[in-house]
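Protein chains get the first letters and strands the later ones, always in sequence-line order, with residue 1 at the start of each. As a basis for the values below, the full set of heavy atoms in this structure was taken, side chains included, without hydrogen atoms, waters or symmetry mates. From a predicted model like this one, the values you see are computed outputs, not experimental measurements.
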There are 2 protein chains.
Amino acid sequence: MFKDAFVTEKPPIKNRRPLTLRDVSEASGVSEMTVSRVLRNRGDVSQATRERVLEASKELGYVPNKIAGALASQRVNLVAVVIPSLSNMVFPEVLTGINEVLDETPLQPVVGVTNYDPEREQKVLYEMLSWRPSGVIIAGLEHSDAAKAMLKAAGIPVVEIMDTDGQAIDACVGISHRRAGRKMAQAILKAGYRNIGFLGTKMPLDHRARKRFEGFTEVLAKEGVEIADREFYEGGSALAKGREMTEVMLKRTPELDFLYYSNDMIGAGGLLYCLDQGISVPGQIGLAGFNGVELLDGLPRQLATMDACRVEIGRAAARIIADRTTEAGDSGGGERVELTPMIQPGDTLSRR
Amino acid sequence: MFKDAFVTEKPPIKNRRPLTLRDVSEASGVSEMTVSRVLRNRGDVSQATRERVLEASKELGYVPNKIAGALASQRVNLVAVVIPSLSNMVFPEVLTGINEVLDETPLQPVVGVTNYDPEREQKVLYEMLSWRPSGVIIAGLEHSDAAKAMLKAAGIPVVEIMDTDGQAIDACVGISHRRAGRKMAQAILKAGYRNIGFLGTKMPLDHRARKRFEGFTEVLAKEGVEIADREFYEGGSALAKGREMTEVMLKRTPELDFLYYSNDMIGAGGLLYCLDQGISVPGQIGLAGFNGVELLDGLPRQLATMDACRVEIGRAAARIIADRTTEAGDSGGGERVELTPMIQPGDTLSRR
DNA sequence: AAGAAACACTTTATCGCTAACATGTGTGCA
DNA sequence: TGCACACATGTTAGCGATAAAGTGTTTCTT
């Protein structure tokens, strides 16, 4: 038919059906299997045909169909990464660590965002698992029962990250937020502060912030100190919120001599507020945040904080997945990596 | 055999092969096809069987295999999103917009990060296209020839975002950075500033920053004004860099009366530096950034900036993809959406 | 009351690839 | 010379789903 001749001559960009291995095999005069071998660098293929195939493939602009490939080989080089948010900076940094390690493997991360919503987490997880990834990296140890069941049933490596205070499904990489809270409390008490205020996010769903808070109050309680005031926020620009909350709290409870913020962003806001108001830091009032975000480097004074080891968490988690998918006898299971965050006293903690 | 009996009785979490439609169909006594129909809510199924199937499916913990589904139906509900970075905050916001829109469709975004490296972009794109997504959203108009070829050949909707100054492959959503640079220059000149310094990233690969710079200098030139000093940075904490660069520049060129920063983060650093030094802003020196990041709300003074419409860009891009994949006659092609960024003069531009 | 149409399913044939095995060469070694 | 064996390819049979077409039942129609 004319039409066919046409199509063969110069595929009119539009109604051209997608290229397959067959097209490449015909163009290079070998079997589809050989083309497949060349494209995957697997098995014995002579240099001559290899070149011929590669050329034909490039010529046509062929892009392999991984869907078909994955189905046939029962192997998917994807790693599902499920995190609560991208606007927190914490998680992009974790992703950086994951990328770093996976870049040297055939594995590829796929990110899903839950917005701190367990229901959404479950949905996202279901979606991701339906692509049959080689592994899952998921933030937190708290998940819906259904989500836990899915993870257990998936039969793939699962690494829960960020937090080690709790029962992991399989492997686990993170820091103990409870301990982090305790450490900070100790440091603050040691510096001599006694009237301590806490400022943070509303915590029903931010389990890690909650655990830090619990560890924090636990140590204070042992010394007979109670949180003198507290304030919680939700949404909005964290920096601005930090400002506002600090103002509110200092007006309400002027005798405070220390403010512990559940993250560096609101802490930075508080710091800026104090400096604005001419409040002497850390003399009159001490401040500390949590996370060690890079941002802080540019502030007029260095906020005391605690590094959450974000990049390292990402790296370690990715390494576990990579090792387990590579190693023949899919060895391990249940790895547990607890990193130790260090206090960075900055300029706002020691009372000189 | 004993072993089989065992496996049937109580699948010992380990050597259990993954569940398939067949397992569900056997468990509920209908054909695989019927199960498939139920799970996808498609076609006629009686209420009775529907329930039976759903129960069996939940009971077993079945998760459909989208790989197989996609291959069979030749439909993949993924949208590839290719962006240069996640640590810039600009892109997470774009993603937010994309998510917002796609959440109401069956489509799902998959993110790839290029680190501003064209070669990496090409690789990431290749990877993504090999999953045969329903569409591509990609940042920028500048791509390697091979990347452009792939995009053209893919036969799917392609939306290039962020930038409208140039030739799009297919659709395009963004702002004109050249115009944004021009507008800012006009506003600065109008406010009476004449000794203007520019601070930004090293630009070989950040085409949008480059275009803003070009637009900016173009307008200045028309008025016979030349950039009095300039400074570029790379890597590190943007806030800290803003501080440092500002210090360096003001020491080198004390007669400057305005500093234009290529992004808000370094602008904020500069602002903090000026306030620290007791330099009167905007009296003695005016400042402006670019992007309208939320962060700025918390600063002691509101930095002049220009909203880059990030969330809206994400929304519009996603809408184009969604519309084209839904609509029967896959209508359009070549949509072009140019958004208009507005100057937010804040407290650092008008000379009172 | 007979044919059409709606319903509730099942059967069959792919989708594009890869695993596993089959086939056909040339080489080395006894 | 012949047999093993590495190499270079081809063949066949799925992977787990869905589209499309097929098979019985009901339920309208008029």
Legend entry - Annotated protein contacts, base or backbone, on nucleotides 18-26 of chain D with a non-hydrogen cut-off under 4.0 Å, one of B, S, - each: BBBB-----
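Partners of Ser130(A) by side-chain hydrogen bond (donor to acceptor under 3.5 Å, both in side chains), not counting sequence neighbours: none found. The side-chain contact (heavy atoms from CB on, under 4.5 Å) test applied to Glu142(B) returns Asp163(B), His207(B), Lys211(B), not counting sequence neighbours. Evaluation of the salt bridge (charged side-chain N to carboxylate O under 4.0 Å, His left out) rule for Arg336(B) yields Glu338(B) as partners, not counting sequence neighbours. Checked against salt bridge (charged side-chain N to carboxylate O under 4.0 Å, His left out), Glu160(A) has no partners two or more places apart in sequence or in another chain. By the side-chain hydrogen bond (donor to acceptor under 3.5 Å, both in side chains) test, Ser25(B) is found to be paired with no residue, residues two or more places apart in sequence or in another chain being considered. Every residue meeting the side-chain hydrogen bond (donor to acceptor under 3.5 Å, both in side chains) condition with Lys66(B), not counting sequence neighbours, appears here in chain and number order: Glu127(A). Take Thr34(A) and apply the side-chain hydrogen bond (donor to acceptor under 3.5 Å, both in side chains) test, not counting sequence neighbours, and it matches Ser31(A).
At dT11(D), none of the side-chain N or O atoms of Ser31(A) fall inside 4.0 Å of OP1 or OP2 (strictly under the cut-off).
With respect to Cys172(A), the side chain to side chain contact (heavy atoms under 4.5 Å, CB included) criterion is satisfied by exactly one of Val159(A), Val337(A), Thr164(A), Ile320(A): Thr164(A). Considering Val24(A), Asn65(A), Leu60(A) in turn, Leu60(A) is the only one that fulfils the side chain to side chain contact (heavy atoms under 4.5 Å, CB included) rule with Leu19(A).
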Under 3.5 Å, side-chain donor or acceptor atoms of residues 68-76 of chain B against the rest of the protein: list the pairs with distances, not counting sequence neighbours.
unit_1	atom_1	unit_2	atom_2	d
Ser73(B)	OG	Gly69(B)	O	2.9
Ser73(B)	OG	Arg75(B)	N	3.3

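Of all nucleotides in DNA chain C having an atom under 4.0 Å from a heavy atom of chain B, the first and last in 5' to 3' order are dA8(C) to dG16(C).
Nucleic acid contact for Asn65(B): sugar-phosphate only, since backbone atoms but no base atoms lie under 4.0 Å from a heavy atom of the residue.
Thr49(B) contributes no side-chain N or O that, together with a main-chain N or O of Val45(B), makes up a donor-acceptor pair within less than 3.5 Å.
Atoms CG (Asp23(B)) and P (dG16(D)) sit 9 Å apart, rounded to a whole Å. With rounding to whole Å, Arg22(B) atom CZ is found 14 Å from dG14(D) atom C1'.
Scanning residues 46-63 of chain B for heavy-atom distances under 4.0 Å to DNA chain D yields Tyr62(B).
Residues Leu54(A) and Leu39(A) are in side-chain contact: their nearest non-hydrogen atoms beyond the backbone lie under 4.5 Å apart.
Listed here is the closest heavy atom pair of Glu121(A) and Ala139(A): OE2-O, 4.2 Å.
Helical stems in DNA chain C, defined as runs of 3 or more consecutive Watson-Crick or G-U wobble pairs with both donor-acceptor distances under 3.5 Å, are listed by first residue as C:1-30 with D:1-30.
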